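Have a look at the structure below, then the notes.
Keep in mind the model is a prediction, meaning the values are calculated, not measured.
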Amino acid sequence: MFDDAQGVLQRWNAWECSSRKHKFIFVIGGPGVGKGTQCARAASALEATHISAGELLRAEQARPNSRFQAFLAKSFALSIPVPPLLLMEILRSAIQDQPHDVVFLDGFPLTEQQLEEFEKEISTNYGTISLDASNSTLTRRLQERAKYSGRIDDDSLKIQRRVETFSTRAGEMVRLLQERKNPFHRIDSEGSVDEIQDDFLQRAMSTIRYMDSCIEH
């Protein structure tokens with residue numbers, strides 16, 4: 001029992017030390033807006049880490065011995081955000097072993113509860129980039145992606161539900177993040193991937209510089 005407690009304490013201390021150095025950039029926006037593409041490109045250009053909250057949850061659902069398989073399947077089917085405590089556990093595990101200081105969190109947060117739990121359990125050192133596009137653009141992009149993605153949430157009925165669900169929640173999440181003192185940027189994402197990327201990189205670098213200055217002071 002003592003050895004187990006020591007092991008837990010060592011892992012917690014390691015997490016405490018590593019989490020202090022991380023600078024997080026939340027990347028939010030509707031399904032199909034291009035969060036994953038922009039994060040992956042920026043992470044490569046800036047030697048940062050890209051973590052997709054959705055991909056982590058899909059991987060957890062697919063894990064044979066996961067206790068959360070049925071719950072996550074229902075969550076995806078109904079476009080219901082997962083409970084903050086479950087998501088924090090999965091996020092912390094993914095973040096802890098990353099070699100880079102800068103982490104792009106793609107598709108996070110979705111709710112006020114997730115944001116508050118992140119601030120309490122992981123870090124308050126973050127900025128946000130919001131990728132904005134119309135519902136018609138999101139729907140068209142998802143329909144194109146559905147032709148090759150193989151994702152269970154990319155069928156026609158679920159596409160419509162996901163876009164509509166995002167639209168009803170988006171305003172509140174944007175408002176909450178804008179009210180924080182952390183950097184917040186909005187990017188018009190109706191254009192091409194390359195056009196959006198230039199703006200995305202500039203906003204990301206600006207956010208990183210701001211967070212660096214906060215750490216120094």
Side-chain angles (χ1 to χ4, degrees), residues 24-46 48-63 66 68-82 86-87 90-91 94-95 98 103-111 114 128-174 177 185-204:
F24 297 96
I25 299 178
F26 300 156
V27 180
I28 62 173
V33 78
K35 299 184 297 294
T37 298
Q38 297 302 331
C39 285
R41 286 188 169 201
S44 177
L46 301 176
T49 292
H50 168 212
I51 294 176
S52 165
E55 291 302 324
L56 287 179
L57 293 171
R58 278 185 280 275
E60 180 64 25
Q61 181 196 357
R63 193 164 61 85
S66 173
F68 309 110
Q69 275 187 335
F71 175 82
L72 289 172
K74 187 172 182 180
S75 174
F76 286 133
L78 299 178
S79 298
I80 300 172
V82 303
L86 169 58
L87 186 51
I90 295 172
L91 274 179
I95 292 165
Q98 297 303 324
V103 179
F104 288 91
L105 282 180
D106 161 6
F108 180 90
L110 291 180
T111 67
Q114 289 180 359
T128 303
I129 297 176
S130 175
L131 300 179
D132 301 337
S134 67
N135 284 3
S136 59
T137 295
L138 298 179
T139 300
R140 175 175 51 78
R141 289 177 180 174
L142 287 172
Q143 288 170 341
E144 286 297 313
R145 188 175 76 182
K147 296 175 182 178
Y148 59 84
S149 71
R151 283 174 44 167
I152 61 172
D153 54 352
D154 270 354
D155 71 54
S156 58
L157 290 177
K158 290 176 182 173
I159 283 173
Q160 182 177 356
R161 182 188 296 129
R162 289 171 66 204
V163 172
E164 290 174 352
T165 299
F166 173 79
S167 294
T168 60
R169 294 177 183 153
E172 179 66 10
M173 198 67 249
V174 166
L177 287 163
H185 304 280
R186 302 190 79 156
I187 296 177
D188 181 345
S189 300
E190 295 283 348
S192 70
V193 170
D194 290 335
E195 289 170 342
I196 299 165
Q197 183 66 39
D198 290 339
D199 201 1
F200 189 94
L201 277 173
Q202 292 300 317
R203 307 298 181 96

Which residues satisfy the salt bridge (Lys or Arg N to Asp or Glu O under 4.0 Å) test with [X], sequence neighbours excluded?
| X | value |
| --- | --- |
| Arg203 | Asp199 |
| Arg63 | Glu60 |
| Asp198 | none |

Original post:
If you look only at pairs with a residue in residues 71-81, which of them pass as a salt bridge (Lys or Arg N to Asp or Glu O under 4.0 Å), with sequence neighbours excluded?
Top reply: none
Closest approach of [X] and [Y], non-hydrogen atoms and distance?
| X | Y | value |
| --- | --- | --- |
| Phe104 | Ala42 | CZ-CB, 3.7 Å |
| Gly191 | Ile196 | O-CD1, 3.4 Å |
| Pro109 | Phe26 | CD-CD1, 3.5 Å |
| Leu46 | Ala204 | CD1-CB, 4.2 Å |
| Ser75 | Val82 | OG-CG1, 3.7 Å |
| Leu131 | Gln38 | CD1-CG, 4.2 Å |

Using modelled atom types only, decide if a donor and an acceptor are shared between the side chain of [X] and the backbone of [Y] within a distance under 3.5 Å.
| X | Y | answer |
| --- | --- | --- |
| Gln69 | Gln61 | yes |
| Thr137 | Asn135 | no |
| Glu190 | Ser134 | yes |

pair [X]-[Y]: side-chain heavy atoms closer than 4.5 Å:
| X | Y | answer |
| --- | --- | --- |
| Gln143 | Ile159 | yes |
| Met173 | Leu110 | no |
| Val103 | Ile25 | no |

Contacts of type side-chain hydrogen bond (donor to acceptor under 3.5 Å, both in side chains), residue [X], not counting sequence neighbours:
| X | answer |
| --- | --- |
| Gln114 | none |
| Arg141 | none |
| Gln98 | Thr49 |
| Ser44 | none |

Looking at residues at least two apart in the chain, or sitting in another chain, which of them share a side-chain contact (heavy atoms from CB on, under 4.5 Å) with [X]?
| X | answer |
| --- | --- |
| Ala53 | Phe108 |
| Glu172 | Arg175, Leu176 |
| Ser130 | Ile28, Asp132, Val174, Phe184, Arg186 |
| Thr168 | none |

Using 0.5 Å steps for rounding, measure from the [atom1] atom of [X] to the [atom2] atom of [Y].
| X | Y | atom1 | atom2 | answer |
| --- | --- | --- | --- | --- |
| Asp194 | Thr37 | CG | OG1 | 11.0 Å |
| Ile51 | Leu105 | CD1 | CG | 6.0 Å |
| Lys35 | Ile129 | NZ | CD1 | 13.0 Å |
| Ile80 | Thr165 | CD1 | OG1 | 9.0 Å |
| Glu164 | Leu138 | CD | CG | 12.0 Å |
| Arg145 | Arg140 | CZ | CZ | 13.5 Å |

